[in-house]
Undergrad: 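Got a structure here, written out as structure tokens. Questions coming.
Each ligand, and each atom within it, is numbered from 1 in the order the structure gives.
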Amino acid sequence: MRATLAAAATGVLAAGAAVSVALASAIPLGEPANPITSVGSLVIDLAPPAIKDTVIALFGTGDKPFLIAVLLVLLTGAAAVAGVLELMRRGTGMLLLAGVAAVAAGAVATRSGSSPTDLLPTILGAIAGAFVLRTGARRLRDWRSAAPGTSAAAVDRRKFLQLLGVAAAGAAILSVGSAAVRQLSNGIEAIRTTLGLPRPADPSPPIPDGADLDVPGITPYVTPNESFYRIDTALLVPNVDPADWTLRINGMVEREIELTFDELLAKPLVERALTLTCVSNVVGGDLVGNAVWLGYPVRELLAEAVPLAGADMVLSRSVDGFTAGTPLEALQDPDRLSLIAIGMNGEPLPLEHGFPVRMVVSGLYGYVSATKWLTELTVTRFADAEGYWTPRGWSARGPIKLASRIDTPRPGGTVPSPVVIAGVAWAQNTGIEKVEVRVDDGPWQTATLAGTVSADTWRQWSLEWDAQPGEHTLTVRATDADGTVQTSLEAPPAPDGASGHHSVTVQVRGG
Ligand SMILES: Nc1nc2c(c(=O)[nH]1)N[C@H]1C(S)=C(S)[C@@H](COP(=O)(O)O)O[C@H]1N2
Ligand SMILES: [Mo]
């Protein structure tokens, strides 16, 4: 009886270890990586409507915590059974554990927007649980097989209890730690959602109706925040309370400045659309997005600080230590948009996009200009300082390369004839003047360009294609407002951005 209880306790602690490891490792990955909530969502998806309605009627908005509680009770029960099974017959408890982990993995994998890395917490949790279960059962067996009352039995007993103690303490520490981290970011998220943005002193010119072509499958002109690409080195999204935030402007300046969030809000803010691009974007890739930003021109702040002669770079620093080196000239250029931004598409910056303040600069890749969770601007020289990515094999300067992309038809797709070919092209700060498409080795045909609000954003384009049946390769190239034609020369992203023409191969129906 005592052994059965001890075995059940081993199983429960194994589950505790598994869950605490999984939940802690899911924090940096975001929601679908959390196996508990993913199993909960799967249950909600699969539950018959009658049961759903009853639960909602009984528990109201408490239905989700109730579901999670039910799942945890079931898990605890299964874990106790696994512990007893593993004691009776080696491997049987492990099998049950593997089954539960497989259900969790299945739930995670079927959540919308989940990626293979989201399975990692479930796998790590299963490993931690399997270790505790297996080792615990072995030590328990050793203890039982030692002659009662002997010192060998006492040693085995101590070893068993030690394992349980370590597992319990580890699970408790991890759980308290992750709860604290979650609470912190929930707190900042609450501050973010209640923060009202001031109205811009200089609003964005209205986005022309024609900026969005009516073509299925084309990328929208303005990228919604939820689908905006995210690139950063932050394992955990920094939690910055605007009340504690300051921006220091220092280095080679006549006047050092320190700005609070309220002081920033009180400035005459500018609202502008601007397309952000990552240097790591491959030809045809999706590390690019267009948003309407609300912020204060970097140029104005620099003018207050008065850079000294000889300075040629501004090193922007994030609260998490990331830095970007931006040419001073670009930030002082009245013809180039650069903002200390607080708003993105009408909302405060989402936490993962730099809340409360980030930088955005037209025509420069993000790694040399778009510092999120911004806290310091140091006026310096390229000879004296370098941004985070420069010693890691990326160029110190990162002007965005002229690029174009085919969004539809998708590569490998089968299309009818005629069909509309469409996509986006960008040359931030210069502007797109022409987009051409070629079918196989045919002549370049000029596409129709959509409207745009400025030269700082991408432009949609489209071309109707009267296609011949069979397999065809479509290639796109853009020309910028300076008359430069996009090069066909292929370059990988490192060290200063990919180049080359995007092409897709499709099958045309008929014939
Ligand atoms: N603090 C911080 N800011 C950062 C980065 C980072 O790693 N840390 N990455 C930069 C890079 S490489 C890009 S492309 C843009 C991406 O911004 P987004 O995630 O809002 O799309 O942020 C830039 N700002
Ligand atoms: Mo990037």
Side-chain angles (χ1 to χ4, degrees), residues 28-30 185 188 192 219-220 222-240 245 247-248 272-283 285-295 298 314-326 330-331 338-378 386-401 403 424 426 428 456-458 492-498:
L29 295 175
S185 69
I188 300 298
R192 176 186 172 270
T219 313
V222 174
T223 314
N225 289 353
E226 307 75 56
S227 41
F228 206 95
Y229 81 95
R230 175 188 166 196
I231 293 286
D232 53 62
T233 58
L235 188 57
L236 295 176
V237 172
N239 290 303
V240 184
W245 178 88
L247 177 66
R248 296 177 300 276
R272 290 288 182 275
L274 180 150
T275 298
L276 216 61
T277 316
C278 182
V279 69
S280 300
N281 196 37
V282 293
V283 171
D286 58 5
L287 298 181
V288 50
N290 185 40
V292 179
W293 308 91
L294 175 70
V298 181
V314 174
L315 191 74
S316 51
R317 181 178 299 274
S318 158
V319 297
D320 69 353
F322 171 89
T323 52
T326 312
L331 297 175
S338 65
L339 295 177
I340 304 292
I342 56 168
M344 180 174 182
N345 291 332
E347 291 174 19
L349 292 176
L351 265 51
E352 60 272 24
H353 292 292
F355 184 81
V357 182
R358 75 174 303 170
M359 204 160 104
V360 290
V361 182
S362 178
L364 304 181
Y365 286 122
Y367 82 108
V368 290
S369 68
T371 301
K372 304 191 270 188
W373 313 292
L374 180 72
T375 187
E376 187 179 59
L377 296 175
T378 303
E386 53 186 7
Y388 180 87
W389 286 110
T390 306
R392 293 169 171 85
W394 297 84
S395 164
R397 292 170 194 257
I400 291 176
K401 294 182 181 177
V424 285
W426 58 89
Q428 291 95 321
D456 298 314
T457 77
W458 59 16
D496 62 358

Undergrad: Which of the numbered atoms in ligand 1 are below 4.0 angstrom from a heavy atom of T371?
TA: 3 (N), 24 (N)

Undergrad: Number the atoms of ligand 1 from 1 as they appear, then name those within less than 4.0 Å of a heavy atom of C278, with their elements.
TA: 14 (S)

Undergrad: State which residue, out of V360, T371, V298, fulfils the side chain to side chain contact (heavy atoms under 4.5 Å, CB included) condition with I340.
TA: V298

Undergrad: Show me which atoms of ligand 1 lie under 4.0 Å from any heavy atom of Y367.
TA: 11 (C), 12 (S)

Undergrad: Starting from atom 21 (O) of ligand 1, which protein heavy atom do you reach first, and at what distance in Å?
TA: Y229 O, 2.6 Å

Undergrad: Would you name the heavy atoms of Y365 and G497 that are closest together and state the gap between them?
TA: OH-CA, 3.8 Å

Undergrad: Can you figure out which of R230, M359, R358 has its heavy atom closest to atom 15 (C) of ligand 1?
TA: R358

Undergrad: Any idea which heavy atoms bring S280 and W394 closest together, and the distance?
TA: OG-CH2, 4.0 Å

Undergrad: Kindly determine whether E352 and R230 satisfy salt bridge (Lys or Arg N to Asp or Glu O under 4.0 Å), including the steps that lead there.
TA: CA-CA 7 Å; E352 60 272 24; R230 175 188 166 196; over 6 Å; no

Undergrad: Looking at S395, is its backbone amide N or carbonyl O close enough to the side chain of D496 to form a donor-acceptor pair, meaning the two atoms are under 3.5 Å apart?
TA: no

Undergrad: I want to confirm something. Looking only at heavy atoms, which of G398, A370, P238 is nearest to atom 23 (C) of ligand 1?
TA: A370

Undergrad: Do R392 and Y388 form a cation-pi contact, if we require the NZ or CZ to be under 6.0 Å from the six-membered ring centre and within 45 degrees of the ring's axis?
TA: yes

Undergrad: Taking non-hydrogen atoms only, is D320 closer than 4.0 angstrom to ligand 1 via side chain, backbone, both or neither?
TA: side chain

Undergrad: Side chain, backbone, both or neither: which part of W373 comes within less than 4.0 Å of ligand 1 when only heavy atoms are counted?
TA: side chain

Undergrad: Do R272 and D456 come close enough that some side-chain heavy atom pair is under 4.5 Å?
TA: no

Undergrad: Please write down residue, atom name and distance for the protein heavy atom closest to atom 4 (C) of ligand 1.
TA: F322 CE2, 3.5 Å

Undergrad: Quick check on contacts: which atoms of ligand 1 are under 4.0 angstrom from a heavy atom of F228?
TA: 21 (O)

Undergrad: Should D232 be counted as touching ligand 1, given the test is an N or O pair under 3.5 Å?
TA: no

Undergrad: Is the shortest heavy-atom distance from the side chain of L349 to the side chain of R358 under 4.5 Å?
TA: yes

Undergrad: Which of the atoms of ligand 1 are close to T233, meaning less than 4.0 Å from one of its heavy atoms?
TA: 6 (C), 7 (O)

Undergrad: Students often mix this up, so state it plainly: with edges at 30° and 60°, are the rings of W458 and W426 parallel, tilted or perpendicular?
TA: tilted

Undergrad: Can you list the atoms of ligand 1 that are under 4.0 Å from a heavy atom of S318?
TA: 1 (N)

Undergrad: Can you find a heavy atom in the side chain of R192 that is under 4.5 Å from one in the side chain of P350?
TA: yes

Undergrad: Starting from atom 9 (N) of ligand 1, which protein heavy atom do you reach first, and at what distance in Å?
TA: I231 O, 3.3 Å

Undergrad: For atom 3 (N) of ligand 1, grab the closest protein heavy atom and report residue, atom and distance to one decimal in Å.
TA: K372 N, 3.0 Å

